[in-house]
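As a basis for the values below, the full set of heavy atoms in this structure was taken, side chains included, without hydrogen atoms, waters or symmetry mates. All chains are named by letter (A, B, ...) in the order of the sequence lines, taking the proteins before the strands, and each is independently numbered beginning at 1. Being a predicted model, the structure only gives us computed values, none of them experimental.
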2 protein chains.
Amino acid sequence: MYICLMEFKEAKNKFVQTWGALGSQWGINKTMAQIHALLMVSHEPVSMEDIMEELQISRGNASMNLRALMDWGIVYKEYKAGERREFFTAEKDLDELAVKISRERSKREIKPALKVLKEVSSIQSDNTEAEKHFVDQTTKLYDFVLKADNVLDKITEYKDNWLAKLVVKIMK
Amino acid sequence: MYICLMEFKEAKNKFVQTWGALGSQWGINKTMAQIHALLMVSHEPVSMEDIMEELQISRGNASMNLRALMDWGIVYKEYKAGERREFFTAEKDLDELAVKISRERSKREIKPALKVLKEVSSIQSDNTEAEKHFVDQTTKLYDFVLKADNVLDKITEYKDNWLAKLVVKIMK
DNA sequence: ATAAACTTTCATTTTTTTTTGAAACTTTAA
DNA sequence: TTAAAGTTTCAAAAAAAAATGAAAGTTTAT
């Protein structure tokens, strides 16, 4: 019994650490990813106090990263009857999670990048080879990124089980 | 004529800066992304000296990031006849670029994450609700990530214009 | 074999990002 | 209205990541 409990805690910790490390590789900060991981595998809503305790982080850190996760729409606040404290839960439906992350990254990163690409590919120049190449390459990039972004948009419409459908289609 | 030249340089610079910033949001360091951007829009192979000059970076920095880009398989060394120096070019085919980046990220990040997910989802526990939930959630996550990774694998087989095909299929 | 031309390495410095924690703020129940 | 319970903010500190540059290492033409 004791052994088993340890094993669970160990596994949980390993998962949280790994998810955190993965987060930083994908441009999301470690703590934010760790909090999300923790909430993902928690059966019940978790209070900020507990998050601080489990991840050994400060109140400010916890607060700011929870806010960020809520801004991304992948963590929710919950209120318990007769409890003053706030509790948090993560979006646990993975399709929904993927959709929300895609949307947010598109809005924050892809759309602004497209704007710049359109802008820089519009300089007029039938001058040097170098300029022609620049315009050509940035135009292609614009088209490519636009298409990729549209794929993401379409995917978000497929909400329900888009991945499985996609796999079926792709695999012929 | 002079005005026009400035506009080109400005546009090029803006593109390089933007691509660099985007890189850091995606877990690639700024200089690496900037070098790649610079090479992408360069008509001719570029020497390390020129890269250092254009991006105002040190020799060591340039060298290390060029090595990293070559390890990713998205930048190539080129030799010019009768020239001692080495020149660099970027993969300019965007489909090919996407394929290589997908492969590399899969190998470096997704595969190791899968390993951990499999491991932690295999703890035995018909004990508490909390443990059941943990096993259930990490198992789902494993399946999801595995599927997503397979989609990427499939995509890499479609090399030629996979994105366009995908768009057509997805859009019905 | 040599030296010129060039590249890589890595300990140190710089920059950037993240975290802390105490003060300010908000909410709620009595 | 008040004070207890809780949350947020933000300037400062700490940690992490990236960049520097000089020394070491290669390569190649003669």
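The distance from atom CG of A/L66 to atom P of C/dT18 is 16 Å, rounded to the nearest whole Å. At whole-Å resolution of the value, CD in A/E49 and C1' in D/dT8 are 14 Å apart. Atoms CG (A/N61) and P (D/dT7) sit 15 Å apart, rounded to a whole Å. For the pair A/M52 CE and C/dT20 P, the interatomic distance rounds to 9 Å; values are reported in whole Å. Nucleotide C/dT17 holds its C1' atom 13 Å from the NZ atom of B/K30, rounded to whole Å. Rounded to an integer number of Å, the gap from CE of A/M64 to P of D/dT7 is 16 Å. Whole-Å rounding puts the A/L55 CG to C/dT18 P distance at 16 Å. D/dG6 atom P lies 9 Å from atom CZ of A/F87, rounded to whole Å.
The side-chain tip of B/R105 points at the ring of A/W26 from less than 6.0 angstrom away and within 45° of straight on.
Proximity of A/T31 to the phosphate of C/dT19: a side-chain N or O atom is located under 4.0 Å from OP1 or OP2. Taking side-chain N and O atoms only, B/S63 has no distance below 4.0 Å to OP1 or OP2 of C/dT9. Here B/N65 does not reach the OP1 or OP2 of D/dA18: none of its side-chain N or O atoms lies under 4.0 Å away. Phosphate contact (OP1/OP2 of C/dT8, side-chain N/O of B/R67, threshold under 4.0 Å): present. The shortest distance between the side-chain N/O atoms of A/N29 and the OP1/OP2 oxygens of D/dA16 is not below 4.0 Å.
A/D71 and A/R67 are joined by a salt bridge, as a carboxylate oxygen and a charged side-chain nitrogen come within less than 4.0 angstrom of each other. Between B/K132 and B/D136 there is no salt bridge, since none of the side-chain N atoms of the basic residue sits less than 4.0 Å from a carboxylate O of the acidic one. Contact check on A/E104 versus A/K100 returns no salt bridge, with no Lys/Arg side-chain nitrogen under 4.0 Å from an Asp/Glu carboxylate oxygen.
When distances run from any side-chain atom of B/R59 to the nucleotides D/dT7, C/dT7, C/dT9, the shortest one goes to C/dT7. Candidate nucleotides C/dT7, D/dT9, C/dC10 were compared by shortest atom distance to the side chain of B/E86, and C/dT7 ranks first. Among the nucleotides D/dT8, C/dT8, C/dG21, the one closest to any side-chain atom of A/S58 is C/dG21.
Between B/H43 and A/H133, the ring planes lie tilted relative to each other; the angle falls in the 30° to 60° range.
Contacts between residues 38-48 of chain A and DNA chain C, counted as heavy-atom distances below 4.0 Å, involve no residue at all.
Aromatic ring centroids of A/F88 and A/Y76 lie 6.0 Å or more apart. Residues A/F87 and A/Y79 keep their aromatic ring centres 6.0 Å or farther apart.
In terms of position on DNA chain D, the residue among B/A62 and A/F88 whose nearest nucleotide sits closer to the 5' end is A/F88.
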